[in-house]
Novice: 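Pasting in a structure now, in structure tokens, and then I'll have a few things to ask.
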Amino acid sequence: MWPKSENTEQLLAHVRAGESDAVGKLLDRHREAVRRMIDLRMDPVLKRRVDASDLVQDVLLKEISSMDSFLDEQIMPFKLWLRRMAKDMYHIKI
């Protein structure tokens, strides 16, 4: 289950305000949901070679580097943006 969006929006406001620990809190808040989504949907061949936690780490690192563009555009909710990033990076079915 994904975290409640209103709490995520509050954290995104803190990220926009430049609060130093806000990005970490945002990532921590969504880490488990991203892991479950990846674990449930990743290709079985990939699953035999890689642990879902490693893919989550990659997705969250990519999220950090792409946060500014997300905040500028914000064309979709944060959780959908994370799902799309995982899909694009690892061809995970969503």
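For this chain, numbers begin at 1 and follow the sequence in order.
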Novice: Does this structure show an ion pair linking Asp28 with Lys25, if we count only N-O contacts that are shorter than 4.0 Å?
Specialist: no

Novice: What are the two closest heavy atoms between Ala86 and Met37, and how far apart are they?
Specialist: CB-CE, 3.6 Å

Novice: Quick check for you: to the nearest 0.5 Å, what is the distance between Arg31 atom CZ and Arg36 atom CZ?
Specialist: 13.0 Å

Novice: Of all the heavy-atom pairs spanning Met67 and Phe78, show the shortest one and how long it is.
Specialist: CE-CE1, 4.0 Å

Novice: Determine, step by step, whether Val56 and Glu32 satisfy the side chain to side chain contact (heavy atoms under 4.5 Å, CB included) criterion, reporting the C-alpha distance in whole Å, the side-chain angles of both residues, the deciding distance to 0.1 Å, and the verdict.
Specialist: CA-CA 9 Å; Val56 169; Glu32 184 59 28; over 6 Å; no

Novice: Taking Ser66's backbone N and O only, do any of them form a donor-acceptor pair with Ser69's side chain (distance below 3.5 Å, no angle check)?
Specialist: yes

Novice: If you group Ile, Leu, Val, Met, Phe, Trp and Tyr by side-chain heavy-atom gaps below 4.5 Å, do Ile75 and Leu80 land in one group?
Specialist: yes

Novice: Let me see the working for Lys79 and Thr8 under side chain to side chain contact (heavy atoms under 4.5 Å, CB included), right down to the final yes or no.
Specialist: CA-CA 9 Å; Lys79 68 181 180 183; Thr8 297; over 6 Å; no

Novice: Mind listing the closest non-hydrogen atom pair of Asp54 and Val50 along with its distance?
Specialist: CB-CG1, 4.1 Å

Novice: Checking the side chain of Lys47 only, and the main-chain atoms of Asp39 only, is there a donor and an acceptor separated by less than 3.5 Å?
Specialist: yes

Novice: What pair of heavy atoms forms the shortest contact from Leu26 to Glu63, and how long is it?
Specialist: CD2-OE2, 4.2 Å

Novice: A side-chain contact here means heavy atoms from C-beta on lying under 4.5 Å apart; do Leu46 and Leu55 qualify?
Specialist: yes

Novice: Side-chain heavy atoms under 4.5 angstrom apart, residues restricted to Ile, Leu, Val, Met, Phe, Trp, Tyr: same cluster for Ile38 and Val45?
Specialist: no

Novice: Is Ser53 close to Arg35 at the side-chain level, that is, under 4.5 Å between some pair of heavy atoms?
Specialist: yes

Novice: Determine the minimum heavy-atom distance between Leu82 and Val59, stating which atoms define it.
Specialist: O-CG1, 4.3 Å

Novice: Quick one: does Gln74's side chain get under 4.5 Å of Leu12's, heavy atoms only?
Specialist: yes

Novice: Return the CZ to CG distance between Arg48 and Asp43, rounded to the nearest 0.5 Å.
Specialist: 8.0 Å

